[in-house]
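The structure under discussion appears below in the form of structure tokens.
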Amino acid sequence: MKILVLNSGSSSIKFQLFEMNEKISLACGIIEQIGEQESYAKIEFGDKKIEKKEVISNHKYGLKLMSILLIESFIIKNLDELGAIGHRVVHGGEKFSKPVLINGEVIEEIEKLIPLAPLHNPANLDGIKVTMEQSPNVPQVAVFDTAFHATIPSYAYMYALPYDTYVHDGVRRYGFHGTSHHFVLKEASKYLVKEKINAITLHLGNGASMAAIKDGKCIDTTMGLTPLEGLIMGTRSGDLDPAILFYLARKNGFNIDDLDKLLNKNSGLKGICGNNDMREVEKMAKKGDAKAQLALNMFSYRIKKYIGSYNAVIGKLDCIVFTGGIGENDIDTRVRCCEDLEHLGIELDLIKNNQRAKEIIDISSKKSKVKVFVIPTNEELEIAEQTNSLLGT
Ligand code: ADP
């Protein structure tokens with residue numbers, strides 16, 4: 001059975017087609033800059049690449065172009081050949097703790113969650129609505145970024161605000177990157193041949209988050225009501241004293257939009273050293289840039305604090321997992337995050353750490369009580385697998 005996975009954003013749509021019998025990717029691609037003059041569609045399959053440059057004014061046309069590319073490349077004959085379409089949906093709120101078959105009611109519920117994810121859920125819904133119209137006979141499944149965190153207990157997901165902000169406004173920790181944390185957890189579990197492992201998973205990309213996993217279930221995560229909380233990220237601040245916002249508003253007359261932009265777009269690595277791309281920050285630091293070095297130190301210090309606190313609430317750890325663009329590729333960040341953690345039973349093998357991870361690699365030393373893994377994430381395959389198992393095929 002073929003499953004198409006769609007990640008529909010506000011100006012781009014990423015897609016990947018899987019043959020689930022062999023769990024292989026048949027093709028992947030992207031429709032970029034939707035609504036702009038320079039838009040284009042790209043597909044890759046085998047060792048081939050095709051790109052079409054034309055004005056793609058909306059999601060409907062973008063998805064039509066995707067199906068034309070899949071058909072012209074002889075990957076499918078028509079969309080009805082698909083066994084299912086799996087959609088990434090960012091926010092499932094408290095309503096969705098599992099993947100769900102999409103119908104009118106589900107669409108309404110995702111719409112109700114728009115205030116919690118005003119940038120993402122509308123774009124995800126655009127993709128869903130267009131494909132439901134284009135392929136009414138193909139089952140469509142929503143897989144939520146928040147769902148993996150549904151097992152977090154109330155004492156960990158509640159904020160110490162008046163209880164009414166939870167009841168009336170839905171203010172609580174939801175967590176994100178769920179499909180990635182889930183995917184690497186399953187891979188680590190398989191590798192250790194143990195079903196219910198204790199782990200800390202670190203998804204370090206442009207956005208970054210950690211999850212605390214006890215007996216195979218998520219019990220805490222660093223992102224909160226929104227993806228802003230927790231780790232230092234490319235352009236996001238992560239944790240800070242909320243009173244900084246009142247202080248800056250009163251002192252500099254910043255309004256809500258100024259503060260939103262400051263924390264989400266102009267902070268993190270970029271705020272400290274002017275660059276949000278970790279490769280550049282590493283290069284700058286190697287050339288002696290003090291702010292870049294500070295940004296790197298702050299980045300790994302925050303992670304170490306979370307490793308310590310998660311270790312305290314999980315108990316004996318089986319493993320720590322690095323994933324995401326930085327986690328999978330940045331050898332030096334991994335060293336900084338694990339440095340001086342021998343007292344927690346965490347010790348890297350610096351030679352093993354020097355490898356490229358095409359699949360799971362163990363970078364811990366022989367003495368290390370806790371395994372340290374690098375696992376390339378595959379959120380699209382995870383969405384395809386969850387879609388497949390929901391449909392019971
Ligand atoms: P996104 O959250 O957008 O999916 P990715 O998971 O692709 O992001 O991660 C992007 C980050 O990974 C960038 O900061 C990039 O610099 C970093 N990165 C990618 N390759 C390397 C590398 N070889 N060394 C260090 N950082 C890397």
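Atoms within each ligand, like the ligands themselves, are counted from 1 in listed order. One is the number of the first residue; the rest follow in order along the sequence. Everything quoted here is computed from the prediction, not taken from an experiment.
Of all the atoms in ligand 1, the ones that sit under 4.0 Å from a non-hydrogen atom of G207 are 2 (O).
Ring-plane geometry between F148 and H181 is classed as parallel, the angle between the planes falling under 30 degrees on a 0 to 90 degree scale with a further cut at 60. The aromatic rings of Y163 and Y166 stand perpendicular to each other, their planes meeting at an angle above 60°, with 30° marking the opposite boundary.
Compare K283, E328, R356, M278 by their heavy atoms: the one nearest to atom 13 (C) of ligand 1 is in M278.
For atom 3 (O) of ligand 1, the nearest non-hydrogen atom of the protein is N206 CB, 3.5 Å. Of the protein's non-hydrogen atoms, I326 CG1, 3.7 Å is the one closest to atom 11 (C) of ligand 1. For atom 16 (O) of ligand 1, the closest non-hydrogen atom of the protein is D277 OD1, 2.5 Å. For atom 24 (N) of ligand 1, the closest non-hydrogen atom of the protein is R279 CG, 3.6 Å. Given atom 23 (N) of ligand 1, the protein heavy atom at minimum distance is N329 CB, 3.3 Å.
Within a 6.0 Å radius of CD1 in I256, other residues, nucleotides and ligands contribute 12 heavy atoms or fewer. Around OH of Y159, the count of heavy atoms belonging to other residues, nucleotides or ligands within 6.0 Å exceeds 12.
The closest side-chain donor-acceptor pair between Q293 and N297 falls under 3.5 angstrom. With no hydrogens or angles considered, no side-chain donor-acceptor pair links T146 and H91 at under 3.5 Å.
Between G325 and ligand 1, an N or O atom pair is found at a separation short of 3.5 Å.
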